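Take a look at the structure set out below.
Predicted, not measured: the structure shown is a model, and the values here were computed from it. Below, chains carry the letters A, B, ... as their sequence lines are ordered, and counting in each starts from 1.
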Amino acid sequence: MRYRNTLIPTSKEAPSDATSVSHILLMRAGCVRRVGTGIYEFLPLGVRVLRKIEAIIRQEMDRAGALEVLLPALLPSEYFKETGRWDLFGDTLMRLKDRKGTEYNLGPTHEEIITDLARREIKSYRDLPKNLYQIQTKFRDEPRPRGGLLRCREFSMKDAYSFDVDESRALDSYEKMRGAYTNIFDRMGFRYRMVQADSGAMGGSKSAEFQVLVQSGEDMVAACMQCDYAANLEVATSPPFPPQGPDPKSVPAPEKVHTPKAKTIEQVSKFLGAEPKQFLKSLVYVAGEGLVLVVVRGDHEVNDIKLARALGVDEVFLAAEEDVKKATAAPVGFAGPVGFRGRIVVDQDAASISDGITGANERDHHLKHVQHGRDFEGEVETIRNIIDGDLCPSCGASLGVYRGIEAGHIFVLGTHYSSKMNATYLDEKGESNALVMGCYGIGVSRLVAAIVEQHNDDNGIVWPMSVAPYQVLITQLGQEVEVVAAVAQLEKELEAAGIELLVDDREGRPGGKFKDADLIGIPLRLTVGKRSLDNGGVELKPRTEKNPKNAELVPLADAAKRAIDYVQKALEP
RNA sequence: CGGGGUGUACCUCAAUCUGGUAGAGGGCCGGCUUUGGGUGCCGGACGUUGCAGGUUCAAAUCCUGCCACCCCGACCA
């Protein structure tokens with residue numbers, strides 16, 4: 001492809017509404033443009049990346065035995081009404097009516113539609129197992145789209161659904177998908193972890209997320225530095241700390257101390273000369289109807305989702321200042337479990353402190369020598385966030401906490417949808433059973449952004465070869481006859497070898513062309529100019545090589561072969 | 001939905017506080033110059049200042065209402 005014949009509108013300046021690296025670079029490199037909040041158009045360069053990603057996904061899905069289908073995006077409301085998700089999805093569902101007033105929604109995901117297909121077309125155990133997938137546009141009225149392609153209202157997703165005779169076969173299907181996903185993310189050059197996730201919402205029995213590790217990620221993941229253990233922060237665990245402090249029997253009775261104006265853990269610990277981990281941090285939460293006093297170690301933080309799960313409620317949030325005053329009879333900052341009338345929940349690592357410091361429920365006062373089980377009662381749960389340095393529950397090594405982008409999610413669904421929609425098959429005995437399902441998603445357009453988040457430098461994008469919009473870029477400097485001829489010769493040889501080639505044949509100064517080359521991030525650059533030819537050939541420089549002086553000068557006759565070798569080597573597994 | 005911020009040329013932004021002919025840089029078109037990391041100069045096109053009201057001799061600027069977008073929190077590929 002000749003640059004003059006394509007449309008790659010690059011820009012020196014970052015758009016004002018972009019904050020994430022991927023958003024800025026995809027815009028600057030002319031890959032995408034914003035049309036509305038959470039709605040993007042793909043320009044030629046961006047589409048090529050998208051198609052590369054899709055091709056890898058298709059290959060691996062097909063190889064795992066999945067069958068590609070294409071379901072509609074425009075869905076009559078009856079399907080979502082049948083499972084109750086017409087109401088459950090709430091505002092997130094994009095709804096519309098036709099001229100007759102019939103209700104529709106745009107598909108946010110396709111469990112209902114695929115289950116409908118299955119109940120019509122899959123009748124016998126002989127038809128099983130089946131795994132059907134599609135790559136298709138999804139619509140969700142997100143409360144807050146953000147980060148460019150990272151979180152959109154219209155986005156491309158690969159979704160697959162497996163159907164099996166029973167739970168154990170469903171697990172086989174799940175394992176196959178796990179393997180396919182691993183191949184997919186490996187081939188795209190990601191740094192990622194497969195993590196345990198909270199599978200509650202979808203009603204499934206087993207699930208894992210594929211988290212791409214980047215600073216700008218929305219999710220928090222605790223991952224072991226030694227073994228494979230990795231878990232979403234809301235499900236991550238760590239072994240209980242050994243009891244802290246002196247022998248419990250030797251601890252004197254609680255003693256009230258005056259701590260004027262010291263409210264935060266930091267202030268009080270400084271005032272009393274104690275460490276934060278000796279504190280019983282007490283927080284008042286609203287959970288369902290009532291208030292709950294939550295106690296964690298001073299250097300720990302409460303995880304709201306873990307807390308809600310422990311309490312058996314949908315959600316919890318910190319009580320307002322007024323409610324705290326009412327509940328503790330003291331200003332915020334002096335709450336404590338001793339004498340607190342109401343429900344108390346204690347984190348296991350706070351419960352094991354034998355000699356703790358905590359609020360006295362009285363202005364400017366704290367209590368020393370406080371001990372769970374002796375001085376106050378409270379249900380013991382694990383409700384704190386895992387932090388850097390906590391121990392791995394699997395192997396005992398150190399955990400690290402990372403930010404991640406959820407790029408894929410795999411679930412065993414069970415019969416959640418099939419039983420609601422009466423999707424059954426006949427087994428060998430002629431008995432009717434519900435199909436056992438699994439579902440498997442990958443955010444395809446999100447992957448474009450995730451790749452850029454992980455593969456960039458100060459000058460722009462650095463595409464991995466497997467997903468690069470073009471594999472090789474020829475930067476032509478000058479329009480002299482011998483330069484034009486050399487470029488044409490290289491172009492012919494490379495295209496004959498099936499290399500995806502972009503030739504920057506534009507007029508313009510070298511500086512600008514080099515800047516654009518780095519920005520759009522083609523993995524290998526061949527520079528052809530009068531100077532290089534006089535020096536003996538063309539310059540070959542991988543995008544990963546930052547120093548232009550390290551470009552390699554190769555004879556014109558060898559250049560094409562060298563480039564082809566480079567591309568092939570980069571594509572090897 | 002709560003909190004914070006921004007709307008001026010295709011893009012990035014000044015001018016708004018203190019009302020008085022709407023500007024710069026980049027990009028784009030034309031010319032000269034330059035030619036290995038965003039050359040320099042000259043000329044040119046591009047605007048209902050988000051929308052609707054109001055105040056005023058006069059509104060980008062002040063007032064009221066609305067809309068859009070971005071960021072921080074509760075959901076998700």
Side-chain angles (χ1 to χ4, degrees), chain A residues 9-20 23-24 27-28 30 33-39 57 88-92 108-110 135-160 181 197-198 201-202 209-212 217-219 232 234 304-305 308 314-318 404-411 439-450 459-460 475-480 483 507-519 525 527-535 539 541 546-549 551:
Chain A
T10 57
S11 146
K12 218 189 292 193
E13 272 161 326
S16 61
D17 58 358
T19 49
S20 71
H23 192 190
I24 291 170
M27 292 284 289
R28 286 192 54 210
R33 289 291 184 264
R34 197 186 70 88
V35 172
T37 304
I39 308 173
I57 291 174
L88 255 170
F89 252 99
D91 290 335
T92 304
T109 172
H110 280 73
I135 293 176
Q136 198 235 27
T137 305
K138 304 290 191 224
F139 300 86
R140 290 180 193 174
D141 193 352
E142 290 282 344
R144 189 154 94 80
R146 73 186 92 172
L149 251 36
L150 285 173
R151 181 174 211 77
C152 286
R153 294 193 294 170
E154 172 178 327
F155 60 97
S156 171
M157 172 165 141
K158 189 283 307 176
D159 47 329
Y181 273 43
D198 185 6
M202 297 285 274
E209 289 172 357
F210 287 76
Q211 289 276 354
V212 171
E218 291 185 89
D219 297 342
N232 223 299
E234 63 236 32
D304 290 2
I305 295 170
D314 285 342
E315 60 174 351
V316 297
F317 45 94
L318 272 173
I405 297 170
E406 185 183 357
H409 203 157
I410 56 178
F411 278 96
C439 73
Y440 317 93
I442 292 181
V444 179
S445 44
R446 174 179 281 182
L447 283 184
V448 177
N459 295 318
T475 298
Q476 174 187 328
L477 299 181
Q479 307 291 332
E480 293 89 346
V483 174
E507 293 185 24
R509 299 174 50 83
K513 302 181 81 161
F514 290 141
K515 288 288 184 194
D516 273 349
D518 286 347
L519 181 59
R525 185 177 92 204
T527 307
V528 185
K530 179 129 194 337
R531 182 188 293 185
S532 77
L533 291 176
D534 289 348
N535 286 346
E539 287 153 29
K541 190 182 88 64
K546 284 192 87 168
N547 188 352
K549 295 200 173 101

*Take atom P in B/U34 and the same atom in B/G25, then report the distance between them in whole Å.*
23 Å
*Taking atom P in both B/G4 and B/G44, compute the distance separating them and give it to the nearest angstrom.*
47 Å
*Could you give the distance separating B/U33 and B/G23 at their C1' atoms, to the nearest angstrom?*
28 Å
_I'd like the P distance from B/G27 over to B/C41, given in whole Å._
12 Å
*P-based separation of B/C69 from B/C51 [nearest Å]*: 16 Å
*Report the distance from atom CZ of A/Phe155 to atom C1' of B/C75, rounded to the nearest whole Å.*
12 Å
*When you compare B/G47 with B/A9, how far apart are their C1' atoms, in angstrom units rounded to a whole number?*
6 Å
*Under the side chain to side chain contact (heavy atoms under 4.5 Å, CB included) rule, collect the residues that match up with A/Thr137, sequence neighbours excluded.*
A/Phe139, A/Glu154
_Check: A/Pro15 main-chain N/O paired with A/Glu13 side-chain donor or acceptor under 3.5 Å_ = no
_Would you measure the distance from the P atom in B/C32 across to the matching atom in B/U21 and give it in whole Å?_
38 Å
*With A/Thr10 via side-chain hydrogen bond (donor to acceptor under 3.5 Å, both in side chains) - residues at least two apart*: A/Asp516
*Could you pull out all residues at least two apart from A/Glu507 that satisfy side-chain hydrogen bond (donor to acceptor under 3.5 Å, both in side chains)?*
none
*Which whole number of Å gives the distance between the P atom of B/G5 and that of B/C62?*
16 Å
_Going by purine N1 to pyrimidine N3 plus the second Watson-Crick contact, or the G-U wobble pair, all under 3.5 Å, which nucleotide sits opposite B/U8?_
none
*Is the backbone N or O of A/Thr527 less than 3.5 Å from a side-chain atom of A/Thr475, with the two atoms forming a donor-acceptor pair by type?*
no
*Test for a donor-acceptor pair under 3.5 Å between the base of B/C76 and the side chain of A/Arg146, counting only N and O atoms.*
no
What are the atom names and distances for every N/O pair under 3.5 Å that joins the protein to nucleotides 28-30 of chain B?
none

*asked:* For B/C76, does the base pair up with any side-chain atom of A/Arg151 as donor and acceptor (N or O, under 3.5 Å, distance only)?
replied: yes
*Grab the two heavy atoms, one from A/Glu406 and one from A/Gln211, that are nearest each other, plus how far apart they are.*
N-OE1, 3.3 Å
*Rounded distance (Å) that lies between atom P of B/C76 and atom CG of A/Asp91*: 14 Å
*Mind checking salt bridge (charged side-chain N to carboxylate O under 4.0 Å, His left out) for A/Arg525 and listing every partner two or more places apart, or none if nothing turns up?*
A/Asp518
*Tell me, please, which residues at least two apart from A/Lys530 pass side chain to side chain contact (heavy atoms under 4.5 Å, CB included).*
A/Glu480, A/Glu482, A/Val483, A/Asp534
_How many whole angstroms separate atom CG of A/Asp159 from atom C1' of B/C76?_
14 Å
*Specify the closest pair of heavy atoms between A/Arg140 and A/Pro108, including all atoms of both residues, with the distance to one decimal.*
NH2-O, 2.7 Å
Nucleotide N/O to protein N/O under 3.5 Å, stretch nucleotides 35-37 of chain B:
residue : atom : partner  : partner atom : Å
B/G36   : OP2  : A/Arg531 : NH2          : 3.4
B/G36   : O2'  : A/Arg531 : NH1          : 2.7
B/G36   : O6   : A/Ser532 : N            : 2.7
B/G36   : N1   : A/Glu539 : OE1          : 3.2
B/G36   : N1   : A/Glu539 : OE2          : 2.9
B/G36   : N2   : A/Glu539 : OE1          : 2.1
B/G36   : N2   : A/Glu539 : OE2          : 3.2
B/G37   : O6   : A/Arg525 : NH2          : 3.1
B/G37   : N1   : A/Asp518 : OD2          : 3.2
B/G37   : N2   : A/Phe514 : O            : 3.3
B/G37   : N2   : A/Asp518 : OD2          : 2.5

*Would you please name every residue forming a salt bridge (charged side-chain N to carboxylate O under 4.0 Å, His left out) with A/Glu218, sequence neighbours left out?*
A/Arg146, A/Arg151
*How many Å lie between CZ on A/Arg144 and P on B/G2, as a whole number?*
15 Å
*For A/Ser156 and A/Lys12, take the nucleotide of RNA chain B holding the closest heavy atom to each; which residue's nucleotide lies nearer the 5' end?*
A/Lys12
_Set of side chain to side chain contact (heavy atoms under 4.5 Å, CB included) partners for A/Ala160, sequence neighbours left out_ = A/Met61, A/Asn131, A/Tyr133, A/Lys158, A/Tyr440
*NA contact type, A/Arg34, heavy-atom cut-off 4.0 Å: base, sugar-phosphate, or nothing?*
sugar-phosphate
*asked:* Within the 4.0 Å limit for protein heavy atoms, which parts of nucleotides 3-13 of chain B are touched? Write it as a string from 5' to 3', B for base, S for sugar-phosphate only, - for none.
replied: --------BSS
*Is any side-chain N or O of A/Thr37 closer than 4.0 Å to OP1 or OP2 of B/C70?*
yes
_Interatomic distance where CD belongs to A/Glu142 and P belongs to B/C69 [whole Å]_ = 15 Å
_Residue A/Pro143, side-chain atoms from C-beta onward, closest of B/G38, B/A74, B/A77_ = B/A74
*Would you please name every residue forming a salt bridge (charged side-chain N to carboxylate O under 4.0 Å, His left out) with A/Lys513, sequence neighbours left out?*
A/Asp504
*For B/C66, what is the paired nucleotide under Watson-Crick or G-U wobble rules, both distances under 3.5 Å?*
B/G50
_Under 3.5 Å for both donor-acceptor distances, Watson-Crick or wobble: does B/C28 have a partner, and if so which one?_
B/G44
*Tell me, please, which residues at least two apart from A/Arg153 pass side chain to side chain contact (heavy atoms under 4.5 Å, CB included).*
A/Thr37, A/Ile39, A/Met94, A/Asp141, A/Glu142, A/Pro145
*Which base, if any, makes a Watson-Crick or G-U wobble pair with B/C76, both distances under 3.5 Å?*
none
*A/Asp219 near the nucleic acid: base, sugar-phosphate alone, or nothing, with a heavy-atom cut-off under 4.0 Å?*
base
